[in-house]
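Please read the structure below before turning to the comments.
All heavy atoms count here, side chains included; hydrogens, waters and symmetry mates do not. Proteins get letters first, then strands, A, B, ... in listed order; numbering begins at 1 in each. Just so it is clear, the structure is predicted and the values come from calculations on it, not from any experiment.
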Protein chains: 2
Amino acid sequence: MKADTQAKDVKLKILDAAKKLFAQKGFEGTTVRQICDEAGVALALVSYHFGGKENVFYALFEAFTPEFLHKDYALAEPVEDLLSLIRDFARFRLAEPELINLLQQEIMMQSPRLDKVQPIVFALWKQLRAILQAGKATGQFEYESLKHTVHFVVGALIFTRNSSFFDQLLQEDGVQTNEDEETLIRYTSDFILGGLRYEKK
Amino acid sequence: MKADTQAKDVKLKILDAAKKLFAQKGFEGTTVRQICDEAGVALALVSYHFGGKENVFYALFEAFTPEFLHKDYALAEPVEDLLSLIRDFARFRLAEPELINLLQQEIMMQSPRLDKVQPIVFALWKQLRAILQAGKATGQFEYESLKHTVHFVVGALIFTRNSSFFDQLLQEDGVQTNEDEETLIRYTSDFILGGLRYEKK
DNA sequence: GTCTATAAAGAGATAGAC
DNA sequence: GTCTATCTCTTTATAGAC
């Protein structure tokens, strides 16, 4: 019992450390030694518990079931669906910024590990695409290219991050307001709906 | 003469190979051997000509002077300025997709090499920010948070890529039209201006 | 200037003590 | 289950022949 509990703690510590480091330095840029140092455990435990660095990566995405992957959008109104998707994604991004960051890296690099993670991103993609199509059909959304519009929306969704890098620049203003979740969701929704030329009734 | 010319060819071949590989596999994920193999030259020549892998990276961004960095926007109308910036950025992105990809990776990872590249991104950031502020002042743009709006716009600008990954999904349509530059610029401008609630006169 | 061969450091994974 | 010490392979960088 006690042994099991300790093991679980160690596995969690390794996963947390890996999540942080992978997001920060990339999968290839992170060494097993760094992960174990950050987790405060011995080097051998990554191999013992996960069977290698690669499996730590996969384990990160296994308990990974954000709402928007399993919800069935495109049942209600397109506008409502899009707002739900934006909300669900924003919440997930706020809750797990490192995973979003890591996922984005892997996608950009077309990494060999993408095979196992592709379904997750494809799901978001298809949901969004279906919603945009439905909204165009009802005349509520206005755009020419479905393909590019999906890109624009995903770009706006994914790029909004707690990126300390970019925020340096803007902190000059002094008006560093830590908006809450709902406010951020509203900003995002407003921008995207505007981009889709949706007119509020 | 002949020796110099050969050397320049080799340096160019190395830079091209590195650009491609860095974008594909990341800086850390790319080995000097891979670069030299791809370039078709001997392993030692990276150190000889550049003094190490890291300097190859920096060299990639030295001859790197996209229009939008040196233009002085925010002189004409905000809308015209924004359209120019979108156009300049889109052209650069189409011309050098690997560099954009690489830059994006490095930013996301907060890489230690970012110090030398930060000014480039900051310049874009500041230009865009100034334009958005000017447009709000004239009442042509409508948004609440300057910080987030900059994020949204950059997201929409940067995420539109020749990403073979995402396009797989959409090719199902069969309607795989290879839009030209001007068309892509128009799509992008329409989406972003919409997001800013700009109303065409 | 370019090559092959090699040195020195670093990586991931494992053996064996506890 | 966890640790330290080590093995093996790969990495970057350099030395020296041409």
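Which of C/dC3, D/dC3, C/dG12 sits closest to the side chain of B/Ala44 comes down to C/dC3. Between D/dT2, C/dA13, C/dC3, one nucleotide has an atom nearer to the side chain of A/Val32 than all others, and that is C/dA13. Side-chain proximity of B/Val10 to C/dT2, D/dT2, D/dT11: nearest is C/dT2.
The distance between atom CD of B/Glu28 and atom P of C/dA11, rounded to the nearest whole Å, is 10 Å. Between the CG atom of B/Asn55 and the C1' atom of D/dT14 there is a distance of 16 Å, given to the nearest Å.
Within 4.0 Å (heavy atoms only), B/Thr31 reaches sugar-phosphate atoms of the nucleic acid but no base atom. Within the nucleic acid shown, A/Val46 has no heavy atom closer than 4.0 Å to any nucleic acid atom.
Side chains of A/Ile185 and A/Phe89 form no contact here, defined as non-hydrogen atoms less than 4.5 Å apart.
In terms of position along DNA chain D, the nucleotide closest to A/Leu43 lies nearer the 5' end than the nucleotide closest to the other residue of the pair A/Leu43 and B/Leu45.
Side-chain N/O atoms of B/Asp190 and B/Tyr198 include no donor and acceptor closer than 3.5 Å.
With A/Phe61 as the aromatic partner, A/Lys116 does not meet the cation-pi criteria of under 6.0 angstrom to the ring centre and within 45 degrees of the ring axis.
For A/Arg33 against C/dG10, no side-chain N or O and base N or O form a donor-acceptor pair under 3.5 Å.
In this structure, CZ in B/Phe141 is found 12.5 Å from NZ in B/Lys136, a value given to the nearest 0.5 Å.
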